Amino acid sequence: MGNSLQANLRDKVRVFANQQVWLEANAVAQLHTTAQLPHMHAAVGLPDLHAGRGYPIGAAFFSIGHFYPALVGGDIGCGMALWRTDLKAHKTSPAKLEKRLGSQEGPLPEALLHEAQAQASWRAVQALADAGALPSTTAMLEGSLGTIGGGNHFAELLACDRLYPDPANGDEGSADGAPALALDPRGVYLLVHSGSRGLGGAILREHVQAHGHAGLRAGSAAAQDYLRQHDAALAYAQLNRACIAQRFLRALRAEGELLLDVSHNHVHAACIDGLPGYLHRKGATPADAGPVVIPGSRGDYSYVVQPVAGRHEALDSLAHGAGRKWARSDCAGRLARFHADDLRKTRLGSAVVCSDKELLFEEAPQAYKEVDAVVASLVEAGLIRLLARLRPLLTYKKGAAPCC
DNA sequence: ATGTTC
């Protein structure tokens, strides 16, 4: 108590990963380089740490007095939403789900768009866009709403593979008072990973044009302008995930209930060890927002986990997934022995819908770390407790870009 | 990441 933040953390930079986790030297180098930025007080690498464009992904950074929009990057508000559907795993199959789902490309069906536009979050974002305070127009925001996007974004249907016993002996809630998630062992779940689509990228682009990669001084006009846009991108990204879920549920003729929605790309004012500053999460899932999902690759399990209360040494952050092992550009070569159709089924028996062949290879399970080692690292560090293991049934990725 | 881009 009363020690300085850096004394408490022992070092400015900490990495939470056990011996089983693949850590690329370049990613660790990026973590240290980023930790050297002025005003930066602490940096944490989570076990999904991997190299990005200058800044590492799977990392959290705490700065004081200034913060860094460029570090948050372009996909402001990207995150995971988990829905419980009323489908039963034993009554469906990957093939049945694929058939019912059909194509989910293109803009949101009009009825769902109107529903979304009735939401308070939409009205707030639209008001900013109409006032010229966002780099995207309302029409652009409408056009992207309810679309998954590319890269590592996906919507996935999963079965509950395993529930872990509660050490607190099964009573409601967990040790830190967070409400227990009502997970049905026979249920089918819908996991949506997407973000703010074009909006976040446009915010970053405009910001970098004006300020480069320098930090913004807290409280300055530029900082306030950025945070207003950033918060709009967070709201838009969350609404986008809800819209994706709604269109999937509609296609599946299923009802759904939102269990959690958590962003892993953002910057927030935060107090760490009593010091006020800014917490940047760059592909890092909050450990202070209740239960979260740590998804594996499309051919691996995903875990629902409960962050352990009172453990702040990882800057209140967790891995946001398995983390890449291979660069996207290496995947086609390394997986040359596979045909595209080989990659449309997985070792866990799930189906993959993805008409973009390049993306099919870039996002192959082989390109990702083993999620078990990532999750084990967090358990061993005392940061999480496992609630459930989910098994993929069907992973839906972006279709091919419309051609000609 | 991307109403991408040379």
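Numbered from 1 within each chain, the chains take letters A, B, ... in sequence-line order. Values in this document were obtained by computation on a predicted structure and should not be read as measured data.
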How close or far is atom [atom2] of [N] from atom [atom1] of [X], stated in whole angstroms?
{"X": "A:Leu71", "N": "B:dA1", "atom1": "CG", "atom2": "P", "value": "16 Å"}
{"X": "A:Leu359", "N": "B:dT2", "atom1": "CG", "atom2": "P", "value": "10 Å"}
{"X": "A:Leu204", "N": "B:dT2", "atom1": "CG", "atom2": "P", "value": "13 Å"}
{"X": "A:His153", "N": "B:dT4", "atom1": "NE2", "atom2": "P", "value": "16 Å"}
{"X": "A:Glu362", "N": "B:dT2", "atom1": "CD", "atom2": "P", "value": "12 Å"}
{"X": "A:Arg53", "N": "B:dT4", "atom1": "CZ", "atom2": "C1'", "value": "11 Å"}
{"X": "A:Tyr236", "N": "B:dA1", "atom1": "OH", "atom2": "P", "value": "17 Å"}
{"X": "A:His193", "N": "B:dT2", "atom1": "NE2", "atom2": "P", "value": "9 Å"}

Quick note, A:Asn152 side chain, CB onward, closest among B:dA1, B:dT4, B:dG3 is B:dA1
What is the nucleic acid contact for [X], judged by heavy atoms within less than 4.0 Å: base, sugar-phosphate only, or nothing?
{"X": "A:Gly200", "value": "nothing"}
{"X": "A:Gly201", "value": "nothing"}
{"X": "A:Gly143", "value": "nothing"}

Residues two or more places apart in sequence or in another chain: which of them pass side-chain hydrogen bond (donor to acceptor under 3.5 Å, both in side chains) with A:Arg311? A:Glu313
Residue list, ring pair (Phe, Tyr, Trp, His ring centres under 6.0 Å) with A:Phe248, at least two apart or on another chain: A:Tyr396
Taking the six-membered ring for Trp and the full ring for Phe, Tyr or His, determine whether the centres of A:His213 and A:Tyr55 are under 6.0 Å apart. yes
Can a donor-acceptor pair be found, under 3.5 Å and without considering hydrogens, that links the side chain of A:Thr147 to the backbone of A:Gly149? no
[X] side chain near [N] phosphate (N/O to OP1/OP2, under 4.0 Å):
{"X": "A:Arg328", "N": "B:dA1", "result": "yes"}
{"X": "A:Arg197", "N": "B:dA1", "result": "no"}
{"X": "A:Asn265", "N": "B:dA1", "result": "no"}

Steps toward salt bridge (charged side-chain N to carboxylate O under 4.0 Å, His left out) verdict (A:Arg328, A:Glu358): CA-CA 9 Å; A:Arg328 290 182 178 281; A:Glu358 198 179 357; over 6 Å; no
